Each structure stands twice: as structure tokens, then as C-alpha cells.
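Structure first, commentary second.
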Amino acid sequence: MRHSQHFQAWGHRGGWPGAQARAGWLLALAPALLLGGCGGQASREAETARQPAANREAAKGSSCDVDEAALREGTALLESGEANAAKERLARGLASLEACHEPDKVRLAATLYALGEAHTALRELDRARDRFETALVLNRKLYGPVHEYTVETMEMLGVVADYAGDYREAEAAFRAVVAALGERLPATHPDMLRARSNLAINLKLQKRYAEAERILDAVIPELRRLPPGEALGHALNVLGTILYDREDFERARANFGESAVILEAVRGPKHPDVATPLYNLCGLELDAKHLDAALEACERARTIREAVYPASHPQVQSVVQRHEEVRRALGLP
């Protein structure tokens, strides 16, 4: 039995570079706000002085009791892939922001975006969509239609649509992102490469393999010119699933292996993104009857996912099922 229909094209795509920059901004800003006391007005001036005047006005907010620790911890947990714990901290921080008489709209938008990422990782898709849609309205008002934060949020709405199986909606979102980025960035810019990779993943999910492969064949060489990063790791993984469908098993195996190595180097060995190519490698080795290799890959993927997701999460359920299939094939209890 071949497992191609059960291969996974992505981990949590919100962990790619554009969203990382956003999370880093939120984390870097929170300690600075603490220096100025409650609300941090004096410290915030240094940050907002670099923003357009309209954005500075929106960013002022008012002095109030913002839960800085929750925002700081939530952002760090999200970065490490601990989505459930991140969601709890960020929700607490969001509540404290919303309780302000005049909430700081810049931080409100960033927190909503980060919460959307946590909900996405946990497959709480209705909640994720709600967070991103609210953040998108704020970002358009604060920054305009083609600013990187606005475009990132549009991109994440596409990711949510992909997870929900709304592939045509997701495709429209990704094409809009590529068009928006194209107004200010060259085709080889890392953000453009990431957006084109997301479009390729979407096309692969629609079984439009030739279109997806053409994009990846153009994107991956450009990503290799950059320092190894998540965008390359994810692109190699999805290309591996296409190669597997084409029965090019050796190249598929190489892509899954390289993807796992890159994602582990960038995100750490316990990050859930690492589990996706490992899960795919397990399926390939199971089909090839390389059962010891399949068991090793599945055990690693299962350990990672069970550490960060609840038992009801679809990626936990899928890896448990595959791991048990490998164990049965080996005659293990």
C-alpha cells in the first residue's frame, strides 16, 4: 500500500521568516515598554518615531495595566512551537490590551496576529480566521495595503484556508500576496520566494502537480543562494511529496531528509515543523519495506508532535496511526 495520499505538504507555515520577524518585533518591544513603567510611553517614543505620523498616532495608546509578561512569554513559546501554552499567554495579554481605554493599536494588531498563528498550529481554524481578519483590518489602517505586516496577514488567511480545505480561496489569497509583494519587491526577494512557495503548496494540494513543480523548480535554486532557512526546508518537503507521487523515490527521500536537517538546524530538534518531513520519510520507508528506517523516523515525529499538541490534534493522530502501522509490520506489540 502506497501512502502518497497521506503525505503532508507542510508543518506550520506561519513559522516562516515573515511571521518570525513579526513575532520577534513583538518580543523585542515588550521589554522596552516595561522600562517606562505602566504603558511605557517614554520608551515607546523611540520605537514609534520610526513610523509614519499616522501610525505614531495609532500607536500611542494610553497608560494602562498591560500584561507584559504574558505577551513576552507567549511570543517566546510561539517561536519554540509550543502553540497551546503560547495561546494561553497571548490570550491573557490580548485581554489586558483590550481592557485599555485606548488600546495601542500597533501592539493589538501584532498580538492578534500571533494568536492567529497559535490557533492555526492547533488547527482551531475558525478562531485563527477571526484573529487574522481582525488583524488585517487594523494593519490596513495602520500601514496600508502593501505593507509587509498587511501582506503577511493576508498570507496567513490563505494558510488557514488551505488547512480548512478551501483551496480555491487559499489560491486567490496567495496570488493576491504575490501581486502585492511584486509591487515593491523583486522576484528573488526572500518574502517573494516564501509567498511563491506557499502558492506551490496550495497547487500541490489541488493535485496540480506540474504547476506546483514549475514554481518550486524556480524557487528552490534561489532559496539555496540564501542562508539555509525554513522557507527552503518547507519547499524541499513539498517537492518531496510531488516527487513521491511521480514515483521518483530516491529524490523524494533526499528531499525529505534535507528538509528535516534544515528545519532542525533552524528551529531546533523539538519543533513541530521538523516532524513533517520525518513523517513523510516514515511513509516512504514503510512503502519501501525499509522498516527500521521507517520506525526511527516515525518515533522521532511522534515524540515531537505529542510533546506540543493535544492527542486530538490531527497531526498527532496521523503520526500515531502510521507509527503503529510500522510497529505491526515489524511484529512489535
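Hydrogens, waters and symmetry mates are skipped; everything else that's a heavy atom, side chains included, is used. The shown structure was predicted, so the numbers you read here are calculated from the model rather than taken from an experiment.
Other cluster members for Leu263: Val274, Leu278, Ile304, joined by side-chain heavy-atom distances under 4.5 Å among Ile, Leu, Val, Met, Phe, Trp and Tyr.
Both Met192 and Leu226 belong to a single network of hydrophobic side chains, linked directly or stepwise wherever heavy atoms of I, L, V, M, F, W or Y lie under 4.5 Å apart. Both Leu236 and Val266 sit in one connected hydrophobic cluster of ILVMFWY residues. Membership requires side-chain heavy atoms under 4.5 Å apart, directly or through other members.
Legend: residues meeting side-chain hydrogen bond (donor to acceptor under 3.5 Å, both in side chains) with Glu213, ordered by chain and number and at least two apart, are Arg246. Remark: Arg140 engages Leu136, Thr150, Met154 in a side-chain contact (heavy atoms from CB on, under 4.5 Å) (not counting sequence neighbours). In terms of the side-chain contact (heavy atoms from CB on, under 4.5 Å) criterion, residue partners of Ala288 (sequence neighbours excluded) are, by chain and number, Arg253, Glu285, His290. When the ring pair (Phe, Tyr, Trp, His ring centres under 6.0 Å) test is applied to His323, no partner is found at least two apart in sequence or on another chain. Checked against salt bridge (Lys or Arg N to Asp or Glu O under 4.0 Å), Glu98 has no partners two or more places apart in sequence or in another chain. With sequence neighbours excluded, no residue forms a salt bridge (Lys or Arg N to Asp or Glu O under 4.0 Å) with Arg328. Considering only residues two or more places apart in sequence or on other chains, Arg89 meets the salt bridge (Lys or Arg N to Asp or Glu O under 4.0 Å) condition with Glu73. In terms of the side-chain contact (heavy atoms from CB on, under 4.5 Å) criterion, residue partners of Leu330 (sequence neighbours excluded) are, by chain and number, Leu291, Asp292, Leu295, Val326, Leu332. The side-chain contact (heavy atoms from CB on, under 4.5 Å) check on Ala252 picks up Leu243, Tyr244, Phe256, Leu284, with sequence neighbours excluded. Shown here are the side-chain hydrogen bond (donor to acceptor under 3.5 Å, both in side chains) partners of Arg251, two or more places apart in sequence or in another chain: Asp248.
To the nearest 0.5 Å, atoms CZ (Arg196) and CG (Leu199) are separated by 9.5 Å.
Between Arg107 and Glu68 a salt bridge is recorded (basic side-chain N to carboxylate O distance below 4.0 Å).
Among residue pairs with one or both ends in residues 193-268, none qualify as disulfide bond (SG atoms under 2.5 Å apart); sequence neighbours excluded.
Remark: Arg305 is positioned above the aromatic ring of Tyr279, its terminal NZ or CZ atom under 6.0 angstrom from the ring centre and at most 45 degrees off the axis.
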### Task
Could you please spell out the steps behind the salt bridge (Lys or Arg N to Asp or Glu O under 4.0 Å) verdict for Lys204 and Glu211?
CA-CA 8 Å; Lys204 191 273 176 184; Glu211 294 174 75; over 6 Å; no
